[in-house]
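Letters go in sequence order (proteins before strands), and every chain restarts at 1.
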Amino acid sequence: MSSNVLTRKDFISDQAVRWCPGCGDYAILAQVQKVMPELGIDRENIVFVSGIGCASRFPYYMNTYGFHTIHGRAPAVATGLHLARPDLSVWVVTGDGDALSIGGNHLIHMLRRNVDLKILLFNNKVYGLTKGQFSPTSNQGMKTKSSPFGSKARPFSTLALALGAEATFVARTVDTETQHLQEMIRRLANHRGSAFLEILQNCPVFNDGVYEDLKDRKIKSDHLLILENGEPLVYGADSNRELRLDTSAMRLYPARRDLSDDSVEVRHNEAAPDASLAMMLARAEGEDYPVPLGVLRAVREPTFEELSLAEGQAQRDAHGEGTLAELLYSPDRWKVD
Amino acid sequence: MSSNVLTRKDFISDQAVRWCPGCGDYAILAQVQKVMPELGIDRENIVFVSGIGCASRFPYYMNTYGFHTIHGRAPAVATGLHLARPDLSVWVVTGDGDALSIGGNHLIHMLRRNVDLKILLFNNKVYGLTKGQFSPTSNQGMKTKSSPFGSKARPFSTLALALGAEATFVARTVDTETQHLQEMIRRLANHRGSAFLEILQNCPVFNDGVYEDLKDRKIKSDHLLILENGEPLVYGADSNRELRLDTSAMRLYPARRDLSDDSVEVRHNEAAPDASLAMMLARAEGEDYPVPLGVLRAVREPTFEELSLAEGQAQRDAHGEGTLAELLYSPDRWKVD
Amino acid sequence: MSGNDEVPVEEIPSVVIRLVGDSGDGMQLTGGELTRAAALAGNDIATFPDFPAEIRAPAGSLAGVSGFQLQFSSGEIFTAGDAPDVMVVMNPAALRTNIRDLEKGGLLIVDTGAFKAKNLELAGYAENPLEDGSLADYRLVVVDISKHVTLTLKGEGLSTKDVFRTRNFYALGLLFWLYGRSPEAELEAIHRKFAKRPEIANANSKVFQAGFNFGETAELFESAYRVAPAKLPAGEYRNITGNEASALAILAAGRLADKPIFYGSYPITPASDILHYLSAQPRYGVTAFQAEDEIAAVTASIGASFGGSIAITGTSGPGFALKQEGIGLAVIAELPLVVINVQRAGPSTGMPTKPEQSDLMQALYGRNGESPVAIVAPSTPADCFDSMLDAIRIAVEHMCPVVYLSDATLANGAEPWRIPAPESLQPIQVNHRIEADGFSPYIRDPNTLARVWAVPGTPGLEHRIGGLEKEDGSGNVSYDPENHQHMTHIRQAKIDRIADRLPPAEIFGDPEGDLLLVGWGSTFGPLRQATIALRDQGHAVSHMHLRFLNPLQSNVSEALLKFRRVLVAEMNMGQLRTLLRDRFLVDAKGLNKMQGQPFQIREVVHAARELLTEVPAETIK
Amino acid sequence: MSGNDEVPVEEIPSVVIRLVGDSGDGMQLTGGELTRAAALAGNDIATFPDFPAEIRAPAGSLAGVSGFQLQFSSGEIFTAGDAPDVMVVMNPAALRTNIRDLEKGGLLIVDTGAFKAKNLELAGYAENPLEDGSLADYRLVVVDISKHVTLTLKGEGLSTKDVFRTRNFYALGLLFWLYGRSPEAELEAIHRKFAKRPEIANANSKVFQAGFNFGETAELFESAYRVAPAKLPAGEYRNITGNEASALAILAAGRLADKPIFYGSYPITPASDILHYLSAQPRYGVTAFQAEDEIAAVTASIGASFGGSIAITGTSGPGFALKQEGIGLAVIAELPLVVINVQRAGPSTGMPTKPEQSDLMQALYGRNGESPVAIVAPSTPADCFDSMLDAIRIAVEHMCPVVYLSDATLANGAEPWRIPAPESLQPIQVNHRIEADGFSPYIRDPNTLARVWAVPGTPGLEHRIGGLEKEDGSGNVSYDPENHQHMTHIRQAKIDRIADRLPPAEIFGDPEGDLLLVGWGSTFGPLRQATIALRDQGHAVSHMHLRFLNPLQSNVSEALLKFRRVLVAEMNMGQLRTLLRDRFLVDAKGLNKMQGQPFQIREVVHAARELLTEVPAETIK
Ligand SMILES: Cc1ncc(C[n+]2csc(CCOP(=O)(O)OP(=O)(O)O)c2C)c(N)n1
Ligand SMILES: Cc1ncc(C[n+]2csc(CCOP(=O)(O)OP(=O)(O)O)c2C)c(N)n1
Ligand code: SF4
Ligand code: SF4
Ligand SMILES: [Mg+2]
Ligand SMILES: [Mg+2]
């Protein structure tokens, strides 16, 4: 089994897929199934762990090991699994409600610890499975069943939160950008440590069109900034726009490339030890700003598992494997005859 | 009662204070009791809400209303209280474990929503009450009862996390800097929206001396950067050092003021709409970096309560107060005789 | 009223209709309209919607089948009926998953247009069941609704998809004709409902009328039917689901107490609709807070309660588990709080859209330490109104958390509710302490043992409370051994004394006999109806329904002793039975259904009969 | 052995000593050393440490008093004794809070040097109790320890504070002399313990010796005492606390099963020490994960269990409440998991350092839905070892969560433990499925009903599990009504069948009689000792201790019927009693202590006597 060359089909389980027609989740599933065989990991060594939500049904459709756990706890379940079994490739699939509402704490702690997990966060900016309430990423003012007059809460910037929580790998893509999505999945697989990917996903039933600007062929190039490492932050139909640094205000702003001003050109550096640029990009949101897609940050730091394993090894090297006899017969024992 | 001029003594409750001798919590309590009378708020309109931990015993010692709740949930309890009673001045007292370990999710959601609460986070980088395990802010490698070989987890940067969670007011001070601590409490009180103050606090029993550099009179000026709005980021015994921006690496770095280089001088702007500078300051950590103290960010945005109240008012203005009759007699009713 | 002169009209006492189709076919909407028409015509009604867990499973799949069952009657009814007399089927998958429930000889109306090869395959039919004789047991009526609507709407400029989506209104028209409902009110309703999309309103109206006319002209049915109005008590009525009634009562409580309401919740099926309802009502002084999780929902509500609001937090099973630590805080802080648990099938995520009553023990015992709470359980959708008012009254008058145990059947089921006159509702007494003299936070009412409710903002009453054990009276933190024993007893006694205010549990039937059927919550309907049936058959059976589970009403013990046998029927493994056995050492037997479905009347009748004829108890345990 | 020739040496069967002082006075350390000396001398011992909730309350305050009680004996003992015969008091606050417990005529040793005005005031004494005659009931021995240590250490260059902190070793020396313990071993121990601070080691040794010498030379005592070695079964012994024994068993299980161990926990009193112990033992293949909260601790452990580790998660009351939703997932996923709950006094935060047994119901019923788990409860500190091994065996062999209910008394209490020979411990059988043929994730062992444990990494066994209801066998998501009923019964039957492997519950005393005392957990000691006392007094009393609470051992029902009366003594309001009444309809009475303190033997004896003489049951309920 393990030696065969795998194909996309090998990753399709026997379960009928049950998302709504037109749901962005289908495209993501297809791309994941497409990229998996390329990774050279045996199917039995892959585990998909999810919480609860439409997105979280994902594991049922992957012909790998899978665990559809409880709402918000997938990062914690996966942390335990991977600490116990660092030989496995463990993927977490979650939604914006699952990951950022009830599960926010586990997510930030996983990122902080740099547990070697791949996180796919399907952000449709709404609670799909419970039929359409606003989520922590919903735009302020969004009208839903639980916010009939518009939601009052400001949304999280998903990537800013991840960066604020010390993430070593942070990226973003869109369900409809097939190639880019594939590329991001590959990048995720190759990162050692917590690798966090936000996938902007359309929910045609409860939040149709939130990402329309990024999908409409006519205008999308003005709204998408595809990050290229080492390159300036150029976008727009004729590459005529650029995000540049205004040093007086200490912020990126959208500039016309043909008009020169006082600002500083910024070249993307995903490996910068300091997360400042990544953070500016994560926050590059607003009317005139494009949405940055790609890898905002990718730095290699020791993973939680590496450090934990190394400690165990060091102890065993220094003092030998613990035996039952040694465990029981402590030096302060005494004898009764 | 309400009309009397209050003094510090009015804020001292009849309960014996039960922290360890030398605990930094004493100094904080004293300064809070000192500043309270200046705020011009009647004692009965002030509520201190806490979770569980040494820090969280705080409310017992304040002669105001108080609620010592359960571990990690103070921000949520306070959110409910203040949504219900926006007329009150509600303060949250919490520890690094309480706020950032078990309570991390409530903290970031409170900040995101911009609930009008004042948060005092006593960061002693350890779990005091449970007798000395590492916390989410403990330095990596710290040896404790639960990490006898050094903790493996990377710490949160408290302020970076808050900024990543959209905080509108973020500040830091130290238990021993009496004047500065007082000033920060005043600033907190004046902010509308979530106001987050990290207080670096010494735990002489379980983590003595973690902040020694900031306390030792001989060296502390080299280690403390006191932020002044509009001013460059100058510090050092003779104000001979400065944090400047390296635009090629997009980061702040510690420079000598007398040596000029390519870098850009940065003037502090706590009210910048973009949180980038605040984030850089929050992350200004490391061997050669000073610890910034003061207000990193202070921007005014509508609070969650303001928006919620306004909506209720708008509805009542438009359609009148709801009556019992109107509630019960829906238009689709029918009559049986 | 129009009618086909050539078809006889038969008077029937009641009918059970089930509409089944794909989730996209609008069965819930159709069911709702039919319910309303029946209600307006004065019938007693009961409904049972049954939808899939998926938002929209692939069209035509077995997982995507959505159903709505409705009984309307000229007499008093308590359930939506065991088995349908009439089934309307919109596609093969719906037929496959539902047909076994239809009574033999029942009327089966099918849209043949949906029985195409692909749909048949999705439903797992090798052959078309409409043609292979497998439906011979039923009175099959086939109509090519799909074709009819296409013809009806030709030239209206609608997309094929939009045309197809009007099929349910065609079926509705047919049913209106069949039961002699006047189409006018429905036509109006359609125009109101689709006011924002006039072209759809227009199409639905046309198609509805076409269905009605087809019933009249085509000779499909041997007879049309009439169900006479029920003799309901006089008054104004509206149709109401359990979730609506719960929400309404919450708003009413705010007005009755003249207090602001705080509702903290995190969405979860089947409780979310209460949040939705309340979110739309800021005019009634309600703050509906969608929290980040259930822990925040309950603790924010506790904060609001500390601040003096009437605080309610709502959820379902798994969310209820998450709230338990918070409920314990409310117990020791002695703050009023109502916790709604709309129960669903467990354990864990279980079957989230299906009903169950398996959280009674969790409500009683789900927290650390001895932490008693009061428990109230509504019995029918309309009773949710009264039960919620009871829950709120108990919470604020006894200063304690009250768990309110609804379930998925009640939450989504509807029935006519006689609207109480506003002035007939008792005000809710809330007394906040304001007197500073002699104040301390844990002084108590000598009768109820409720502590004072002193809220921030009151000068001179500044005080601190929390989760550590309290000294009685002063409220100071105390580790004193005797005080802990004392406080443990006080907290228990406070709950026990609530029994003093409760009316005796009502016994339907004679006060003694051979068998007492005991139930709580949504099993009220089938148990009551089963009791009626058993008594009609001459058995000495009575029915005791418990609306209060903690404390139990004071006559319960005595009532149990007066019957030779006790049968506790529950949608769980015997949780109330456990309680009764423990408290009263009565050898109660259990009828326990764990199928995510309410009891059928016949199941209860059958189990009762077995017990009456002394079949060994094991078989029905 | 040295001894004052002029003081007689009295042989006594046992003695109860309590050391009390400020938290900073080192009472726990002193108690530990005294315990070790008694153990090494072959006495049977039992200890009860009792410390305040504050880390270090202000020196001299009532809240800061820390105590350590120890009984050593020449016969078998099961508790640290009801009341001390000897009390050593290091300051006025300690005297005030403890003196009422000392037996009249008991020996009271006091450091007069600490009875200064400020300390007296802090303790709330208007006059010095050493001088006002209020202690006349006791044999008061005053020593100015503070002065003695100052003199002893003059010129050693230590700070006043450091000198003052040696006082406990002076008291220890005195006690060593009084009970004829050899000082050599202790002097060695001091040097080991303070190896990193030789000046302190030196000072403590000097002071210890000075105390010993003072006993010998001063004519303080009428007599010295000797407690002969107990006739313990032959073997190697060590002194062990409950938390240590639990942790040791966890490590041993890893070796016995040849599997890695995963321990997920979030610090909480009184469970944290298990985490501390395991964190130091990576050599035994344990991964100790300090999670961000209890929910992460339990779910990470479930993840590790899915991955094939032996997974354990530990906490106390409020943390246990937070874990319940996760436990429900383990129930439906049918994964092995041990959940430790070191119970403490509730509700809510309650009295965090004090013991209670009030989470039995929470363990049984604390989750949504019908979600049965197994429950094991250790009876003594040493029994924690065997009980934990039992819990782990049940979890992995029956593929289910097992709750392990310890409490604060067991956790910190110590007793000598006869070390089992490593080869005497049964290996733990773990069979992971590897055969792909015929595999599906919910196929079961026909005897135990345990499903297969197939772990990721095994080729051909790829499968998905989760919290939605499963189809038996295939493990596919299922909403089928009959399947849900079937699975509910399977999950219950799986737990019930564990009873087949359990030995019968042991009845101490005769198998029938007038009264059966029933208990579980840490009440074992006082109940057993009370039973002995009652039998000595001629009563027909027996004692049944339950180590397994779910399922109950199969002889329990029969055993209960053989006694005229049943008394269930618990540190709660009657949780086991509730269970027994429900299951067996037996009119069990309760003795319920809710004081954050273990039972005293005399309390149990008293309650039993009352019941035996037919005093109305209400008074002891
Ligand atoms: C403890 C608990 N609380 C609430 C729920 C109900 N619930 C299920 S999924 C969900 C939110 C789903 O939103 P998201 O994570 O964004 O996923 P999506 O459905 O949009 O893919 C909620 C609130 C639950 N299953 N468990
Ligand atoms: C649910 C729950 N889990 C765990 C605990 C135990 N606990 C109490 S305080 C605390 C951590 C305290 O650390 P921190 O918040 O940093 O406060 P500090 O004592 O250092 O001021 C813990 C783990 C608890 N009380 N409740
Ligand atoms: S509700 Fe939205 S997210 Fe969920 S399956 Fe349907 S389209 Fe997709
Ligand atoms: S343990 Fe540390 S933080 Fe807690 S009271 Fe003592 S010194 Fe202060
Ligand atoms: Mg979503
Ligand atoms: Mg701390």
Side-chain angles (χ1 to χ4, degrees), chain A residues 72 100-109 112-114 136 140 149-157 159-166 168 245-253 264-267 269 272-280 282-283 301-302 304-308 310-311 314-315, chain B residues 72 100-109 112-114 136 140 149-157 159-166 168 245-253 264-267 269 272-280 282-283 301-302 304-308 310-311 314-315:
Chain A
L100 298 171
S101 196
I102 192 167
N105 206 31
H106 309 302
L107 181 80
I108 61 180
H109 280 272
R112 166 176 82 83
R113 295 191 184 106
N114 200 27
Q140 199 166 16
F149 309 106
S151 99
K152 301 291 167 277
R154 304 182 309 160
F156 279 131
S157 154
L159 303 185
L161 184 69
L163 290 165
E166 315 297 318
T168 56
L245 178 70
D246 170 353
T247 51
S248 68
M250 288 290 285
R251 65 182 185 110
L252 295 178
Y253 80 103
V264 174
E265 171 155 291
V266 175
R267 283 177 182 274
N269 178 8
D274 192 297
S276 300
L277 173 58
M279 189 55 97
M280 286 180 178
R283 296 225 180 248
E301 294 197 21
F304 192 53
E305 298 90 316
E306 285 168 347
L307 294 172
S308 305
E311 168 183 304
Q315 290 299 317
Chain B
L100 298 171
S101 197
I102 193 168
N105 207 30
H106 309 302
L107 181 78
I108 60 180
H109 280 272
R112 166 175 82 84
R113 294 190 184 106
N114 200 30
Q140 199 167 14
F149 309 106
S151 98
K152 301 291 166 276
R154 306 181 309 160
F156 279 131
S157 153
L159 303 185
L161 184 69
L163 290 164
E166 315 295 322
T168 56
L245 178 70
D246 171 353
T247 52
S248 69
M250 287 291 283
R251 63 184 185 108
L252 295 178
Y253 80 102
V264 174
E265 170 153 294
V266 175
R267 281 177 184 272
N269 178 7
D274 191 295
S276 300
L277 173 59
M279 188 56 94
M280 286 181 178
R283 296 228 180 249
E301 294 196 22
F304 192 54
E305 298 89 316
E306 286 167 346
L307 295 172
S308 305
E311 169 183 303
Q315 290 298 318

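Among A:Arg267, A:Glu306, A:Arg113, A:His109, the residue with the largest count of heavy-atom pairs under 4.5 Å with chain B is A:His109. Of all the listed residues (B:Arg283, B:His106, B:Glu265), the one sharing the greatest number of non-hydrogen pairs under 4.5 Å with chain A is B:Arg283. Ranked by heavy-atom pairs under 4.5 Å with chain B, the first of A:Leu100, A:Val264, A:Val266 is A:Leu100. Contact tally against chain B (heavy-atom pairs below 4.5 Å) for A:Ser276, A:Pro273, A:Ala275: the top residue is A:Ser276. Most heavy-atom pairs under 4.5 Å with chain B: of the set A:Ser157, A:Ala160, A:Ala165, A:Pro136, this distinction falls to A:Pro136. The most heavy-atom pairs under 4.5 Å with chain B, out of A:Pro302, A:Ser101, A:Ala249, come from A:Ser101.
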| task | Just do the side-chain contact (heavy atoms from CB on, under 4.5 Å) check on B:Asp246 and A:Asp274 with the steps written out, would you? | result | CA-CA 11 Å; B:Asp246 171 353; A:Asp274 192 297; over 6 Å; no

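With a 4.5 angstrom heavy-atom cutoff, A:Gln315 touches chain B only via side-chain atoms. In this structure, the portions of A:Ile108 lying under 4.5 Å from any heavy atom of chain B include both its backbone and its side chain. The contact between A:Thr247 and chain B is made entirely by side chain atoms (from C-beta outward), counting heavy-atom distances below 4.5 Å. When heavy atoms are compared at a cutoff of 4.5 Å, A:Ile102 approaches chain B solely by way of its backbone atoms N, CA, C and O. Contact of A:Arg251 with chain B is made through backbone and side chain together, with heavy-atom distances under 4.5 Å.
Considering only residues two or more places apart in sequence or on other chains, A:Arg154 meets the salt bridge (charged side-chain N to carboxylate O under 4.0 Å, His left out) condition with B:Glu301.
Side-chain N or O atoms of B:Asn105 include none that pairs as donor or acceptor with a backbone N or O of A:Gly103 at under 3.5 Å.
Residue A:Ala153 comes nearest to B:Arg112 through the heavy atom pair CB-NH1, 3.6 Å, listed as atom of the first residue, atom of the second, then distance.
Here the rule is side chain to side chain contact (heavy atoms under 4.5 Å, CB included) with A:Met279, and of B:Met250, B:Met279, B:Met280 only B:Met279 fits it.
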